[in-house]
Asker: 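My structure is below; once you've seen it, I'll send some questions.
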Amino acid sequence: MKKSKHNGNISIWKFIFAICILIHHTSVLRNASSDVLFQSLSIGVEFFFIVSGYLLAKKVYSEKDDDRPLYKATFDFIKNKIKGFYPYLLFSFVILLLISLVFHEITLDNFIFYLSNLTLIQLIGLKTSTLIGGVWYLSALVLSMTIIYPLMKKYKKNFSCLIAPLISLFMGGYLIHNVVSIRNYSVWNHFMYVGLQRAIVEVCLGVVAYEITDKLKKVNFTKLGSLFLSITQLSCFTLVILANAFFKTRRYDWLFILMVFIGIVIGFSERTAFLESCNNKIFYYLEKLSLPIYLNNFVIINVINYSGAYKELSYAVSVILVILLTILISMFELVFVKFISRKMVKPVKKVKGLLIEN
């Protein structure tokens with residue numbers, strides 16, 4: 001089997017789970033009833049945390065013969081992680097701020113707190129006002145990786161095969177025992193927000209997933225075996241999505257996390273039956289859309305709510321509009337960010353040259 005640098009199997013599931021989270025957020029539309037579907041589809045966040053943990057471990061193992069001090073390696077890793085998503089964060093911030101300015105008055109106090117959305121440190125315990133609905137995830141991801149990356153870097157398999165699974169088990173058990181739902185990210189649980197604890201647990205699970213996947217890649221499966229893996233992965237993800245779409249099932253989150261974990265391990269194993277079919281430009285493009293879609297979740301939702309359009313639209317029509325228009329905005333954003341990034345290279349270098357000597 002040819003090895004691909006890009007895993008189209010994971011790519012398409014990133015897009016699907018990003019859409020699931022978007023649909024989940026349509027439950028805040030003002031024309032949604034109290035018994036509306038999709039209230040539990042935020043389970044998609046677990047997918048992204050675990051995948052991020054897997055990629056963190058992969059990155060550490062790729063850094064062979066690295067003589068950088070641990071603090072420098074950690075700083076470089078986090079800096080590159082932030083550089084990858086920050087232009088999209090800025091785009092969503094500006095759009096959502098403009099919507100807020102158009103439809104209702106913003107006080108100076110609110111604006112200052114909104115700026116905290118750009119700091120990525122909200123989850124350390126800051127009390128802030130949220131402008132970008134999904135920014136807590138990026139804060140939790142960056143903070144958890146700042147803890148986990150140096151541990152993984154220093155201890156390698158001692159961390160991924162021993163410490164990480166113990167953290168996931170014991171901190172996960174602590175969360176299950178102490179909070180109503182691990183999805184209530186803004187609840188302060190004794191010493192940190194639930195969202196950050198959740199991120200630590202699941203990024204550690206992703207690190208463990210890397211080790212299991214590494215073993216799975218060395219197994220030579222028959223066509224029937226590969227088909228079995230594909231069916232198992234599809235079953236895990238589909239059951240998680242359907243259960244959370246149609247039922248209020250948060251008390252079973254531990255089971256859903258396990259199923260998502262299994263699906264991710266199989267997906268990254270590159271031993272599924274349809275891997276080559278998944279490795280295509282369409283799936284790779286849909287993967288690129290997943291982050292902008294996530295950050296733009298509330299753009300159309302806010303427009304519908306603030307403008308009063310919800311009074312004229314049915315909930316079903318509103319959901320369809322939210323999905324289609326969010327995807328279109330995100331497609332435009334990919335082109336716009338790429339264009340602006342290219343145009344900003346020379347000005348940034350000139351400013352840097354004025355302030356800093358080579």
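Values below: every heavy atom of this structure, side chains too, minus hydrogens, waters and symmetry copies.
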Asker: Tell me, please, which residues at least two apart from Tyr61 pass side chain to side chain donor-acceptor pair (under 3.5 Å).
Answerer: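 Once residues adjacent in sequence are excluded, the partners of Tyr61 under the side chain to side chain donor-acceptor pair (under 3.5 Å) criterion are Glu211.
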Asker: State which residues pass ring-ring contact (aromatic ring centres under 6.0 Å, His included) with Phe332; sequence neighbours excluded, sorted by chain then number.
Answerer: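 Counting only residues at least two positions away or on another chain, Phe332 forms a ring-ring contact (aromatic ring centres under 6.0 Å, His included) with Phe336.
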Asker: Enter the distance from Leu123:CG to Leu141:CG here, rounded to the nearest 0.5 Å.
Answerer: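 Reported to 0.5 Å precision, the distance equals 10.5 Å.
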Asker: Please, which pairs that meet side chain to side chain donor-acceptor pair (under 3.5 Å) have at least one residue in residues 287-296, sequence neighbours excluded?
Answerer: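 Qualifying pairs: His6-Glu287, Ser11-Glu287, Lys14-Glu287, Ser92-Asn296, Asn296-Ser330, Asn296-Glu333.
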Asker: Please examine the side chains of Trp136 and Gln122, heavy atoms only from C-beta on, and report whether any two atoms are closer than 4.5 Å.
Answerer: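 No, every pair of side-chain atoms sits at 4.5 Å or beyond.
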Asker: How is the hydrophobic cluster of Leu108 composed, in terms of its other members, when Ile, Leu, Val, Met, Phe, Trp and Tyr link through side-chain heavy atoms under 4.5 Å apart, directly or indirectly?
Answerer: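 Via sub-4.5 Å side-chain contacts, Leu108 links to Ile112.
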Asker: Are any of the side-chain heavy atoms of Tyr185 and Val194 separated by less than 4.5 Å?
Answerer: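 Tyr185 does not reach Val194 side chain to side chain.
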Asker: Could you name each residue pair satisfying salt bridge (Lys or Arg N to Asp or Glu O under 4.0 Å) that touches residues 74-86, not counting sequence neighbours?
Answerer: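 For residues 74-86, and leaving out neighbouring residues, the salt bridge (Lys or Arg N to Asp or Glu O under 4.0 Å) pairs sorted by first residue read Arg68-Asp76, Lys72-Asp76.
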Asker: Please give the remaining members of the hydrophobic cluster of Val335, linking ILVMFWY side chains under 4.5 Å, ordered by chain and number.
Answerer: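 Hydrophobic cluster check, Val335: no partners found.
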Asker: Check Lys58, Lys156, Lys153 against Glu63 for a salt bridge (charged side-chain N to carboxylate O under 4.0 Å, His left out) and give me the one that passes.
Answerer: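 Option passing the salt bridge (charged side-chain N to carboxylate O under 4.0 Å, His left out) with Glu63: Lys153.
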Asker: Count the heavy atoms belonging to other residues, nucleotides or ligands that lie under 6.0 Å from CZ of Phe75, then report whether that count exceeds 12.
Answerer: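 Open.
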Asker: My understanding is that only residues two or more places apart in sequence, or in another chain, count here; which of them pass ring-ring contact (aromatic ring centres under 6.0 Å, His included) with His177?
Answerer: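 Per chain and number, His177 pairs via ring-ring contact (aromatic ring centres under 6.0 Å, His included) with no residue.
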Asker: Would you check if Met192 and Ile124 make a side-chain contact, meaning some heavy-atom pair closer than 4.5 Å?
Answerer: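 Counting from C-beta outward, Met192 and Ile124 never come under 4.5 Å.
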Asker: Got a sec, which residues hit ring-ring contact (aromatic ring centres under 6.0 Å, His included) with Phe170, two or more places apart in sequence or on another chain?
Answerer: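 Phe170 satisfies ring-ring contact (aromatic ring centres under 6.0 Å, His included) with no other residue.
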Asker: Using the side-chain hydrogen bond (donor to acceptor under 3.5 Å, both in side chains) rule, pick out the option among Thr272, Thr238, Asn9 that qualifies with Gln233.
Answerer: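 Testing each of Thr272, Thr238, Asn9 against Gln233, the sole residue satisfying side-chain hydrogen bond (donor to acceptor under 3.5 Å, both in side chains) is Asn9.
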Asker: Enumerate the residue pairs fulfilling salt bridge (Lys or Arg N to Asp or Glu O under 4.0 Å) with a member in residues 197-207, sequence neighbours excluded, ordered by first and then second residue.
Answerer: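 As it turns out, the salt bridge (Lys or Arg N to Asp or Glu O under 4.0 Å) pairs with a partner in residues 197-207, which skip direct neighbours, are Glu46-Arg198.
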Asker: What verdict does the side-chain contact (heavy atoms from CB on, under 4.5 Å) test give for Ile301 and Val28, after you've listed the backbone C-alpha separation in whole Å, the side-chain angles of each residue and the deciding distance to 0.1 Å?
Answerer: CA-CA 8 Å; Ile301 291 172; Val28 304; 3.7 Å; yes
Asker: Any chance you could lay out the side-chain contact (heavy atoms from CB on, under 4.5 Å) test for Phe103 and Asn305, step after step, and finish with the verdict?
Answerer: CA-CA 10 Å; Phe103 290 107; Asn305 282 343; over 6 Å; no
Asker: Kindly state whether the ring of Phe268 and the ring of Tyr54 have centres lying under 6.0 angstrom apart.
Answerer: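 Yes.
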Asker: May I ask you to check whether Trp13 and Phe237 place their ring centres under 6.0 Å from each other?
Answerer: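 When the ring centroids of Phe237 and Trp13 are compared, they turn out to be within the sub-6.0 Å range.
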Asker: Would you say Phe85 has more than 12 foreign heavy atoms packed within less than 6.0 Å of its CZ?
Answerer: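 Yes, the 6.0 Å shell around CZ holds more than 12 heavy atoms from other groups.
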Asker: Decide yes or no on side-chain contact (heavy atoms from CB on, under 4.5 Å) for Leu334 and Tyr88, but give the supporting numbers first.
Answerer: CA-CA 8 Å; Leu334 285 180; Tyr88 303 102; 3.8 Å; yes
Asker: Can you name the residues that form a ring-ring contact (aromatic ring centres under 6.0 Å, His included) with His24, not counting sequence neighbours?
Answerer: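 Per chain and number, His24 pairs via ring-ring contact (aromatic ring centres under 6.0 Å, His included) with no residue.
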Asker: Taking ILVMFWY side chains as joined if any heavy atoms are under 4.5 angstrom apart, and letting links pass through other members, which residues group with Leu324?
Answerer: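 The other cluster members (ILVMFWY side chains, heavy atoms under 4.5 Å, direct or chained) are Ile320.
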Asker: Are the side chains of Ile182 and Gln197 in touch, meaning some heavy atoms are under 4.5 Å apart?
Answerer: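 Answer no - side chains too far apart.
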Asker: Can you list the residues that meet the side-chain contact (heavy atoms from CB on, under 4.5 Å) rule with Ala164, with sequence neighbours excluded?
Answerer: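 Testing Ala164 for side-chain contact (heavy atoms from CB on, under 4.5 Å), a comparison that skips the adjacent residues, returns Phe159, Cys204, Val207, Val208.
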